[in-house]
Protein chains: 2
Amino acid sequence: MSQRPTLADVASAAGVSVSTASLAFSGAGPIAEATRQRVLDAAASLDYAGPNPLGRQLRSGRSGIVGVVVGDALRRSFREPVSVQLLDGLVDAISPLGLGVLLVPGSLEPGAPLVDPLVESAAMDVAVLIWGGTLDDPTLQALQRRGIPLVVVEGQDLPGIVTVGIEDRDGVADLARHLTGLGHERIATVTLPFGPDRRSGLADATRLGQITWSIARRRLDGLQDAGVEPVAIYETPASLVEHGHAAAQALLSGPAATRPTAVVAQSDLLASGVVLGARELGLRVPEDVSVAGFDGLDLPWLAPDVLTTVVQPITEKGAVVGRAIEALLAGDTPADEVLGVEVRLGTTTGPAPGA
Amino acid sequence: MSQRPTLADVASAAGVSVSTASLAFSGAGPIAEATRQRVLDAAASLDYAGPNPLGRQLRSGRSGIVGVVVGDALRRSFREPVSVQLLDGLVDAISPLGLGVLLVPGSLEPGAPLVDPLVESAAMDVAVLIWGGTLDDPTLQALQRRGIPLVVVEGQDLPGIVTVGIEDRDGVADLARHLTGLGHERIATVTLPFGPDRRSGLADATRLGQITWSIARRRLDGLQDAGVEPVAIYETPASLVEHGHAAAQALLSGPAATRPTAVVAQSDLLASGVVLGARELGLRVPEDVSVAGFDGLDLPWLAPDVLTTVVQPITEKGAVVGRAIEALLAGDTPADEVLGVEVRLGTTTGPAPGA
DNA sequence: GGCCCAGTTCGAATCGATTCGACCCGAGCG
DNA sequence: CGCTCGGGTCGAATCGATTCGAACTGGGCC
């Protein structure tokens with residue numbers, strides 16, 4: 001009798017059948033109040049803390065778990081604040097539904113055929129890929145094979161998979177128009193990684209053809225939409241302050257006559273690195289060079305400066321994913337969603353020098 | 001036949017019994033290679049992606065899930081990098097064991113008797129509280145009632161619960177001795193929250209008696225151990241850059257004769273806010289005021305400055321928690337662990353002015 | 001007094017796998 | 001030639017709950 005008590009133990013202690021005892025806890029079905037109380041008392045005296053979730057799950061076929069594939073995102077921890085905030089919003093959104101978030105490591109090594117054991121065999125009712133995902137991704141394939149409904153955030157449209165994204169292309173275009181409106185003509189850009197190979201440095205035409213992660217592609221295309229042909233494209237291996245800093249060194253060291261007058265970074269972390277790098281080169285922001293980012297984080301360490309950026313509704317993204325999950329579990333097939341973004345003017349952009 | 005196939009379907013398709021089919025997948029027990037292959041082929045042709053985890057879990061009594069109670073930590077997302085990095089280390093540590101991390105929201109409101117539904121009824125084999133936890137915490141109590149083994153990180157010692165912590169008291173003491181060695185005599189300190197009421201401002205003796213979160217207490221005591229009696233204690237509502245900034249305004253605005261010559265912050269984020277605030281007041285760091293932190297994060301936005309701080313092994317902490325979990329699941333009762341820390345000298349501390 | 005109905009309670013099947021002991025069969029040995 | 005041994009397979013019980021239909025109970029009504 002060292003085992004934890006089961007519903008059967010409680011039932012016999014209360015002098016009722018197992019089915020009645022179950023009713024007392026689940027509340028599904030009619031039960032006399034007196035009986036219910038007797039069962040609850042028996043449970044209390046046995047230290048029974050409620051029905052074992054495993055039994056319930058097997059019966060219902062539902063685990064109540066949403067697997068979130070975090071890829072490298074979590075590994076880069078607070079350095080990838082967008083992912084973490086999304087995770088936060090998602091937890092908030094699905095927690096009231098009684099669902100929990102299970103962290104699932106993504107691909108172990110780039111290009112490796114292996115996936116984390118959890119991908120193969122953890123119980124989950126739905127899975128979310130928060131960092132995009134291409135059709136040939138082994139993690140995505142394994143989940144599809146298991147028949148687990150998927151929601152992909154910030155990925156390209158995939159057939160038969162629900163996607164949630166933002167209008168980042170339009171947002172960057174708006175931002176670019178803001179800059180051209182200020183008279184900027186030599187605009188450089190600092191991008192997110194092109195793909196799993198995560199290179200760093202100036203990208204030429206060949207390299208531009210090798211973009212596999214669509215997020216970098218879309219944000220580049222936004223510039224084109226606004227008629228901006230960047231004078232330089234600097235690719236970074238990750239969205240980190242230090243890579244933005246390095247980009248600034250590479251892009252802004254030349255003479256004023258040819259130096260870009262504005263830099264558009266594809267993330268706020270990169271942008272803040274560019275600001276710091278520019279200052280270090282003795283350039284004033286925004287008098288000598290304007291800098292803009294993407295995401296809309298608050299960056300207290302830039303204070304009193306405020307970054308000009310494209311604000312995306314990260315928390316709402318989590319909520320939207322939550323709703324998609326709810327629909328999937330109800331058997332519906334929710335529509336893809338694309339959330340709007342908004343340019344927020346800060347103090348890091350201004351008129352082009354000499355304009 | 002619209003349902004997903006079960007092991008029974010595979011077995012009958014392969015012309016073997018269910019038990020044999022189970023053997024083919026689990027590898028536990030003898031099975032002829034030919035038979036195994038036949039079962040696997042049948043599975044492939046039926047699109048059977050492996051045994052349903054729910055069935056397996058019920059039978060084994062194990063869910064393979066570690067519940068991690070994140071409290072406000074995740075909510076503050078990248079602003080609480082220590083928690084996120086710990087989470088990262090923990091995922092790394094237990095993923096090879098085939099265990100997954102389930103995020104469990106902590107107390108919904110301070111003082112509320114309610115706990116998140118997941119706390120009451122999610123399947124988990126072990127739970128981890130990563131932000132400490134006192135005996136009267138409803139989340140902790142609920143988990144104890146369910147008979148779920150607990151690991152508490154950075155909490156006070158609790159009877160019958162495994163704790164993992166660091167030598168933060170000694171670390172702060174070492175740091176304080178470094179400062180007194182440099183001739184500092186007027187040392188102020190900026191602390192983590194005292195408790196769930198999260199006040200902000202200078203703390204007097206009365207307030208100092210109201211510390212419920214032991215982490216702030218221990219790090220204060222470290223100063224005493226080194227014989228340092230702080231000239232001012234500034235309490236913050238959260239470990240954020242902006243609160244460190246505010247603390248600097250409050251502590252460093254006075255005349256040089258009475259102004260503290262050094263500030264010890266209980267976290268790196270607070271410390272970096274102090275540095276920024278000091279600079280804004282026109283003070284040079286470390287010539288006019290020395291600043292030190294705690295944690296050992298890398299703060300690229302302070303570059304080229306490097307914070308003097310007490311480095312704690314965050315990732316290793318995750319690994320240690322992982323080992324404790326492993327031991328608990330094996331039925332052992334692992335010992336409490338206290339990890340060492342190390343003072344790392346940076347560029348933000350120097351000789352006391354005039355010394 | 002008999003019948004019917006609403007309100008409760010109960011038995012048994014079910015979810016999908018694992019596992020233990022029984023059983024079968026062929027090979028090796030006496 | 002018969003017996004034993006052991007590898008391989010199978011049946012059935014089991015994990016802990018939910019759920020559906022059947023059965024039982026007592027009260028009200030004719």
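No hydrogens, no waters, no symmetry mates; every other heavy atom, side chains included, goes into these values. Treat the numbers as computed from the prediction; the structure is a model and nothing was measured. To find a chain, count down the sequence lines: A is the first, B the second, and so on, and within it residues start at 1.
Among the protein residues, A:Ser19 comes within range of the nucleic acid bases, having at least one heavy atom under 4.0 Å from a base atom. Nucleic acid contact for A:Thr35: sugar-phosphate only, since backbone atoms but no base atoms lie under 4.0 Å from a heavy atom of the residue.
Proximity of residues 51-65 of chain A to DNA chain C (heavy atom under 4.0 angstrom from any strand atom) is restricted to A:Leu58, A:Arg59.
One can place CG of B:Leu23 at 20 Å from P of C:dG16, the figure rounded to the nearest angstrom. Rounded to an integer number of Å, the gap from CG of A:Leu7 to P of C:dT14 is 20 Å. Regarding A:Arg146, its CZ atom lies at a distance of 14 Å from the C1' atom of C:dG16, rounded to whole Å. Atom pair A:Arg36:CZ and C:dC10:P shows a separation of 16 Å (rounding to whole Å applied). Residue B:Phe25 contributes atom CZ, which lies 12 Å from atom C1' of C:dA17 at whole-angstrom precision.
With salt bridges taken as basic N to acidic carboxylate O contacts below 4.0 Å, one links A:Glu154 and A:Lys317. A salt bridge is defined here as a Lys NZ or Arg NE, NH1 or NH2 lying under 4.0 Å from an Asp or Glu carboxylate O, and A:Arg36 with A:Glu33 meets this definition.
OP1 or OP2 of D:dC10 lies within a sub-4.0 Å distance of a side-chain N or O belonging to B:Ser17. The phosphate of C:dT18 (OP1 or OP2) has a side-chain N or O of B:Ser22 nearer than 4.0 angstrom. For D:dC10, one of the phosphate oxygens OP1 or OP2 lies less than 4.0 angstrom from a side-chain nitrogen or oxygen of B:Thr20. For the pair B:Tyr48 and C:dG16, the criterion of a side-chain N or O lying under 4.0 Å from OP1 or OP2 is not met.
Residues B:Thr315 and B:Asp88 fail the side-chain proximity criterion, which asks for heavy atoms closer than 4.5 Å. Put simply, the side chain of A:Val101 reaches to within 4.5 Å of the side chain of A:Leu103, judged on heavy atoms.
Across all their heavy atoms, A:Asp116 and B:Ser95 have their closest contact at OD2-OG, 2.6 Å.
For the helix from C:dG1-D:dC30 to C:dG30-D:dC1, the terminal axes (five pairs an end, C1' atoms, rotation from four pairs onto the next four) enclose an angle of 60°, given to 10 degrees.
B:Ser26 contributes a side-chain N or O that, together with a main-chain N or O of B:Ser22, makes up a donor-acceptor pair within less than 3.5 Å.
Evaluated for a side-chain contact (heavy atoms from CB on, under 4.5 Å) with B:Leu46, the options B:Val10, B:Asp41, B:Thr6 yield exactly one hit, B:Val10.
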